[in-house]
Asker: 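Below you will find the structure I want to go over with you.
Whatever order the structure lists them in is the order used to number ligands and atoms, beginning at 1. Keep in mind the model is a prediction, meaning the values are calculated, not measured.
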Amino acid sequence: MAKLKVGVLISGRGSNMAALIAATRTEDFPAEIVLVVSNRADAGGLAIARASGVPTAVVAHRDYPDRESFDRAVSAELERAGVDLICLAGFMRIFSPWFPARWPNRILNIHPSLLPAFKGLHVQQQAIDANARVSGCTVHIVTSDLDDGPTVAQAAVPVLATDDAETLSTRILATEHELYPLVLRWFAEGRVRLEPREGQPPRVVIQGVPPDAALLWRP
Ligand code: GAR
């Protein structure tokens, strides 16, 4: 069967991108990364992608007068590469409404908190400041609302009394590298469905996996 073609968008280090590349190179993985796009030419992840033999493109947001023209340029790169699904992996730009409308239910994001708690930036520090005892990461479908959209899966870790933002980030990041490839596999296997709900946003149903498979608890 043809593999799902994935485009990964990054802005920096690219450790989630690297985890996705590694996963897709394991035997019989049903998706392949066909393009990595960065909005920054100095993103560390670009070198990792190139060293892995994955095509890369830089679309510098500063070269565009507004969000939508930048989004259209990114989209054109993804279309040229024949992308079916987009994975945001530390991509730190906010889209115009045009982008999620162009790729409806075909953009995933990973966010380092248990959404809907702690949106925006410095979310690990937000969790510590809020005295949260548990945090983690969320993979969700991207809609036009920032850090919102149907949750596909989450991983939870403890927040220790001794944590600072860096130690908590490291603990969460390890679960990100586990969760994102898992979700990508479910997408590529066609297991992820959106179930409409009366008066509420749709809910994600993952077919053919145990009900608790979409929660990783890593104490
Ligand atoms: C990750 O922790 C990711 O969840 C977060 O940025 C980091 C990127 O690391 N993303 C966001 O905060 C998006 N709102 P990476 O470049 O090593 O994957």
Asker: Pairs of nitrogen or oxygen atoms closer than 3.5 Å, one from Asn16 and one from ligand 1: do any exist?
Answerer: yes
Asker: Under a 3.5 Å threshold, yes or no: a donor from one side chain and an acceptor from the other, between Thr138 and His140?
Answerer: no
Asker: List the closest protein heavy-atom neighbour of atom 3 (C) of ligand 1: residue, atom name, distance to the nearest 0.1 Å.
Answerer: Glu176 OE1, 3.3 Å
Asker: Checking Asp148 against Thr143: is there a side-chain donor and acceptor pair closer than 3.5 Å?
Answerer: no
Asker: With a 4.5 Å cut-off on side-chain heavy-atom distances among I, L, V, M, F, W and Y, is there a chain of contacts connecting Ile110 to Ile33?
Answerer: yes
Asker: Which residue supplies the protein heavy atom nearest to atom 8 (C) of ligand 1, what is that atom called, and how far is it?
Answerer: Gly90 CA, 3.6 Å
Asker: Quick one: nearest non-hydrogen protein atom to atom 7 (C) of ligand 1, plus distance?
Answerer: Arg13 NH2, 4.1 Å
Asker: Return the residue, atom name and 0.1 Å-rounded distance of the protein heavy atom closest to atom 15 (P) of ligand 1.
Answerer: Ser15 N, 3.4 Å
Asker: Are Asn39 and Val58 close enough that some pair of their side-chain heavy atoms sits under 4.5 Å apart?
Answerer: no
Asker: In terms of ring plane angle, is the pair His61 and Phe70 parallel, tilted or perpendicular, where the classes change at 30° and 60°?
Answerer: perpendicular
Asker: Which residue holds the protein heavy atom closest to atom 14 (N) of ligand 1, what is that atom called, and what is the gap in Å?
Answerer: His111 ND1, 3.3 Å
Asker: Distance under 4.0 Å to a non-hydrogen atom of Leu173: what atoms of ligand 1 satisfy this?
Answerer: 2 (O)
Asker: Between Arg72 and Glu77, does any NZ, NE, NH1 or NH2 come within less than 4.0 Å of an OD or OE carboxylate oxygen?
Answerer: no
Asker: Look at atom 5 (C) of ligand 1 and say which protein heavy atom is nearest, naming residue and atom and giving the distance to 0.1 Å.
Answerer: Pro112 CD, 3.7 Å
Asker: Trp103 vs Phe99 aromatic rings, parallel, tilted or perpendicular, using cut-offs 30° and 60°?
Answerer: tilted
Asker: Run the contact test for Ile110 against ligand 1 with a 4.0 Å cut-off on heavy atoms, strictly below, and give the result.
Answerer: yes
Asker: Give yes or no for whether the N/O distance cutoff of 3.5 Å, strictly under, is met between Gly14 and ligand 1.
Answerer: yes
Asker: Please state which part of Ile172 comes within less than 4.0 Å of ligand 1, counting heavy atoms only: side chain, backbone, both or neither.
Answerer: neither
Asker: Any chance the side chains of Glu32 and Thr24 put a donor and an acceptor closer than 3.5 Å?
Answerer: no
